[in-house]
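Shown next, in structure tokens, is the structure this report addresses.
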Amino acid sequence: MSPEVLSTPVVDTVKTPDRAQTRAQAARRRKLFVNAVRVVLLVVVLGLWEVLSRAKVIDPFNFSMPSKIWDQIWTWVTHGTALGSLGEQIWYTLYEALLGWVIGVVAGVLLGIALGRIRLLAEVLGPYIKVLNSIPRIVLAPIFLIWFGLGPSSKVASAVVLVFFPVFFNAFQGAREVDRNLVANARILGASDRRVTLQVVIPSATSWIFTSLHVSFGFALIGAIVGEYIGATKGIGLLVSQSQNTFNAAGVYAAMVILAVVALVAEGLLTFAERRIFRWKPAGSED
């Protein structure tokens with residue numbers, strides 16, 4: 001055996017640390033730490049609220065307290081509300097918000113991509129879009145109530161107008177920000193305008209569109225709640241209105257807690273769907 005072979009150092013690959021595994025463990029530890037801090041912060045805030053309310057430092061009649069809010073939620077869960085079961089009220093509001101969200105998203109994506117791709121259409125409709133966007137859309141809820149009545153249609157309309165604009169502007173910007181080299185290469189390969197839109201523009205704008213979806217569902221809930229608050233036969237917004245009319249602060253807060261849980265669940269589902277669709281993205285880009 002030659003001296004060169006004997007003098008060659010041997011690398012112990014078994015003891016070499018796995019960097020990917022180390023980073024994954026560090027990420028898990030950080031996630032656990034962040035979640036623990038969040039829980040501690042929530043407990044501290046709720047505890048201070050409860051203590052200050054019981055000590056009459058803050059008015060328990062106007063500000064209520066966490067224990068009374070929990071009692072109100074439990075009463076609604078076990079005995080129902082004056083309008084029916086709590087599940088029925090949640091589903092009614094969720095149905096209005098979901099339907100308005102879907103309609104607003106579809107309309108916003110289609111019109112945004114169309115105006116982003118067709119310059120003449122953008123020049124013609126652009127000023128009208130800007131004027132409509134400048135109108136405070138919450139004030140349209142009473143108009144929709146007059147047009148469509150106390151049923152779900154007026155709440156769906158309110159949700160649609162709140163969802164449409166953020167989705168439209170993101171889809172429009174996403175269509176405008178497509179890499180021109182990709183479009184040029186697709187045309188060189190013989191792709192038609194339709195294929196360029198479907199296979200280049202829309203996939204490139206998808207991340208822009210998903211960014212707006214996170215915000216827009218919250219807007220859909222706001223539209224449904226405001227519509228129910230102004231006039232409805234069922235829904236969480238009507239529970240808020242009735243609780244306010246009877247000076248039941250715990251009822252108002254309880255309805256807000258329920259809405260927050262619904263919004264968080266929807267946000268979690270959207271985040272899960274986004275991660276499944278954008279599995280190619282680096283992990284750091286999701287933060």
State, yes or no, whether a side-chain contact exists between R54 and S67 at a heavy-atom distance under 4.5 Å. yes
**Prompt:** Is any side-chain heavy atom of L110 less than 4.5 Å from a side-chain heavy atom of F168?
**Reply:** no
S216 (side chain) donor-acceptor with L213 (main chain) under 3.5 angstrom:
yes
N35 side chain reached by V39 side chain, heavy atoms, under 4.5 Å: no
task = Kindly indicate whether the side chain of L86, heavy atoms from C-beta on, has any atom under 4.5 Å from the side chain of I258.
result = yes
Beyond-backbone contact of V34 with R30, side-chain heavy atoms, under 4.5 angstrom
yes
- Carefully, step by step, assess Y253 and W70 under the rule ring pair (Phe, Tyr, Trp, His ring centres under 6.0 Å). CA-CA 9 Å; Y253 286 118; W70 171 252; over 10 Å; no
So the ring pair (Phe, Tyr, Trp, His ring centres under 6.0 Å) pairs with at least one residue in residues 23-42 (sequence neighbours excluded) are none
message = Please tell me whether N248 and Q242 have a donor and an acceptor in their side chains that are separated by less than 3.5 angstrom.
response = no
Pairwise side-chain contact, I222 with I138, heavy-atom cut-off 4.5 Å (strictly under)
yes
- Query: Would you call F164 and L111 a side-chain contact if the rule is heavy atoms closer than 4.5 Å?
  - Reply: yes
Here the ring pair (Phe, Tyr, Trp, His ring centres under 6.0 Å) pairs for residues 124-162, sequence neighbours left out, are F144-W147
Closest non-hydrogen contact found for S212 with P166 is CB-O, 3.7 Å
Can you tell me if S154 uses its side chain to pair, donor with acceptor, with the backbone of L150 under 3.5 Å? no
Ring pair (Phe, Tyr, Trp, His ring centres under 6.0 Å) pairs touching residues 79-102, sequence neighbours excluded, are W101-F217
### Message
Applying salt bridge (charged side-chain N to carboxylate O under 4.0 Å, His left out) to E228 and K155, what does each step give before you reach the verdict?
### Response
CA-CA 7 Å; E228 291 172 351; K155 289 71 180 176; over 6 Å; no
What I'd like to find out is whether the side chain of F165 reaches to under 4.5 Å of the side chain of R137, using heavy atoms alone. yes
